[in-house]
Amino acid sequence: MAVSQEDIAYEIFSWLPAKIICKFKLTCTSFSKFSEESSFKTKQSCNLLGMSDACFFLQHDQISQRYLKRIEFHHLPKEQQLSGVPNNVLTFLSNSACILASSNGLLLCHTINEDPIELFICNPITKSRFFIPSPESFRKIHNFSTVNVMLDCSNSSSSDDYFILLLENTEEWSPTSYACNIYHGKQGVWKSLENNFLSGGRNMKFDMPVFYNGAVHFISDCSDYFMRSSPFYKPYIVSYHFEKGTSTILKLPREAIKGFHIECDMGIFNWGKVTSFNSSICLVKLRKSVFSIWILKDYKSRSWKKILKVRANALGLEEKDAHVTRFTVMNGNILIFSTEHKIYSCGLDEETFMMVEEIGSHNCGSNPHFLSYSNTLRSCGTNAQTMPC
């Protein structure tokens, strides 16, 4: 059977970032037709799910963003031509929203100028957004200490669906149990899960969830507020399995918990692309300006492999005595970290191992938040509206 030129173009362009697709739409009438089809948008977003993100958003912490109103957009080195966000969209988001999560081209945000606050999903490149029916508990919260929200597009059973996970603290003091609610974009309703997420005795870092192996994982904080005799004295990871409704504690490597209560910060991130067979969980520890990184080699046995230990100032940074303020792992193989004024990348795979590049300057304070971004045409929903920008 003969393949038409339009079919060939359809396949080729479905592998391109949305920024390039939008440019071609302005010059090619025939292309602009199928590029607006929902099937093409779904295919393009699915194709990019297996590719690396080329950029990320940077903003203040959730509370500060309500008052400082600044969101920055940065590219990984040599990726500026491949993806982007319209300047007017970035300005609109900075002035009216706080980004909570990012997944496959969609951003989960909440408003910062309205009372009560509202949740919405948006796609910056298509300038579309869809308001989500916010649970009453979320609308009433202003300090965000009892409600935690996250987004995932990669583990949904439908390629053009997404789900939002909301964890609500059910205890007035020392939270250890969180009610779990899930919102699927296609169904359009919130559903409460039967079993709560049990976090143990420590506070959890809900701003760095890792969706892996049918569960969502969170790491605890490193504060020294338990006696040595307590089972929660040392930091740990907790997984919540969606189908089983079970909460399981994963121990950290023995070396990782040494000196955890002195100038220490830890985070977990996806290792490898979520679509690859060898994906896993990456643990990053920063203590006294020294990075230590492990990979979870076997999920059942909880065995870890250390891949890096290096002092930040030994990475060849232009800044002298640079103080690392925040870090993340993008694309499962790149360490991204910020100092007071700069952002850097450090390769973690075999080809780019310990290759450091300066990404640029930032103005998001001493506790910036990274949100990896993929340039897709993914739909926000059938009733999505155009963003007022």
Side-chain angles (χ1 to χ4, degrees), residues 49 53 56-59 61-63 65 71 97-111 117-123 129-135 137-139 141 144-157 161-170 175 177-187 189-193 195-199 203-221 237-243 245 247 267-270 274 279 281-282 326 328-330 332 369-374 378 380-381:
L49 188 62
D53 293 351
F56 59 91
F57 290 93
L58 194 71
Q59 72 173 21
D61 63 81
Q62 192 173 356
I63 295 177
Q65 174 60 14
I71 298 176
C98 175
I99 305 176
L100 300 173
S102 171
S103 183
N104 197 221
L106 296 184
L107 302 181
L108 173 62
C109 309
H110 74 68
T111 57
I117 60 176
E118 299 284 354
L119 283 173
F120 66 90
I121 287 283
C122 75
N123 185 323
R129 69 171 174 174
F130 178 76
F131 279 95
I132 296 166
S134 304
S137 58
F138 183 87
R139 292 165 60 91
I141 295 302
F144 309 105
S145 61
T146 61
V147 177
N148 306 277
V149 193
M150 51 221 71
L151 166 73
D152 186 56
C153 296
S154 61
N155 291 308
S156 175
S157 58
D161 195 10
Y162 59 85
F163 80 86
I164 300 170
L165 175 65
L166 184 147
L167 301 180
E168 181 181 357
N169 175 24
T170 59
S177 179
Y178 294 80
C180 301
N181 302 278
I182 287 185
Y183 178 91
H184 281 275
K186 280 200 165 183
Q187 298 174 4
V189 294
W190 286 95
K191 292 185 178 181
S192 299
L193 300 185
N195 297 318
N196 285 5
F197 166 71
L198 305 178
S199 62
N203 296 322
M204 309 305 295
K205 294 185 175 182
F206 290 110
D207 60 342
M208 49 179 66
V210 173
F211 294 92
Y212 175 70
N213 204 31
V216 59
H217 302 74
F218 305 100
I219 192 170
S220 71
D221 66 0
I237 296 172
V238 182
S239 70
Y240 179 82
H241 197 281
F242 296 109
E243 292 186 2
S247 302
I268 56 171
F269 311 94
N270 285 102
V274 294
S279 61
I281 297 176
C282 173
R326 192 78 173 183
T328 188
V329 173
M330 276 184 61
H369 284 234
F370 294 93
L371 298 118
S372 181
Y373 176 67
S374 177
R378 196 180 189 109
C380 301

Nearest 0.5 Å, what's the [atom1]-[atom2] distance between [X] and [Y]?
X: Ile121; Y: Cys109; atom1: CD1; atom2: SG; value: 7.5 Å
X: His217; Y: Ile281; atom1: NE2; atom2: CD1; value: 4.0 Å
X: Cys98; Y: Leu107; atom1: SG; atom2: CG; value: 11.0 Å
X: His369; Y: Leu58; atom1: NE2; atom2: CG; value: 9.5 Å

pair [X]-[Y]: side-chain heavy atoms closer than 4.5 Å:
X: Tyr178; Y: Asn169; value: yes
X: Met150; Y: Phe211; value: yes
X: Leu100; Y: Leu119; value: yes
X: Leu151; Y: Tyr162; value: yes
X: Leu108; Y: Ile132; value: yes
X: His110; Y: Gln62; value: yes
X: Val216; Y: Asp152; value: no
X: Tyr183; Y: Val189; value: no

Looking at every non-hydrogen atom in both residues, tell me the closest pair between [X] and [Y] and how far apart they are.
X: Cys380; Y: Leu106; answer: SG-CD2, 4.0 Å
X: Val238; Y: Ser247; answer: CG1-CB, 4.3 Å
X: Asp221; Y: Lys205; answer: CA-CE, 4.2 Å
X: Ile219; Y: Met208; answer: CG2-SD, 4.0 Å
X: Glu118; Y: Ser134; answer: OE1-OG, 3.5 Å
X: Met204; Y: Ser199; answer: CG-CB, 3.5 Å

Looking at residues at least two apart in the chain, or sitting in another chain, which of them share a ring-ring contact (aromatic ring centres under 6.0 Å, His included) with [X]?
X: Phe57; value: Phe73, Tyr373
X: Phe218; value: Phe197, Phe206
X: Phe130; value: none

May I ask you to decide if [Y]'s main-chain N or O and [X]'s side chain share a donor-acceptor pair within less than 3.5 Å?
X: Ser102; Y: Leu371; result: no
X: Asn181; Y: Trp190; result: no
X: Asn270; Y: Gly332; result: no
X: Gln59; Y: Ile99; result: yes

Can you name the residues that form a side chain to side chain donor-acceptor pair (under 3.5 Å) with Ser220, not counting sequence neighbours?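 For Ser220, no residue satisfies side chain to side chain donor-acceptor pair (under 3.5 Å) once neighbours in sequence are set aside.
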Contacts of Asn195 meeting side chain to side chain donor-acceptor pair (under 3.5 Å) (sequence neighbours excluded), chain-then-number -> none
Excluding sequence neighbours, so at least two apart, what forms side-chain contact (heavy atoms from CB on, under 4.5 Å) with Ser374? Leu48, Asp53, Asn104, Thr376
Once side-chain contact (heavy atoms from CB on, under 4.5 Å) is applied, do any residues pair with Ile182, and if so which ones, sequence neighbours excluded? Phe163, Leu165, His184, Leu193, Phe242
Pairs meeting criterion salt bridge (Lys or Arg N to Asp or Glu O under 4.0 Å) with involvement of residues 101-110, two or more places apart: none
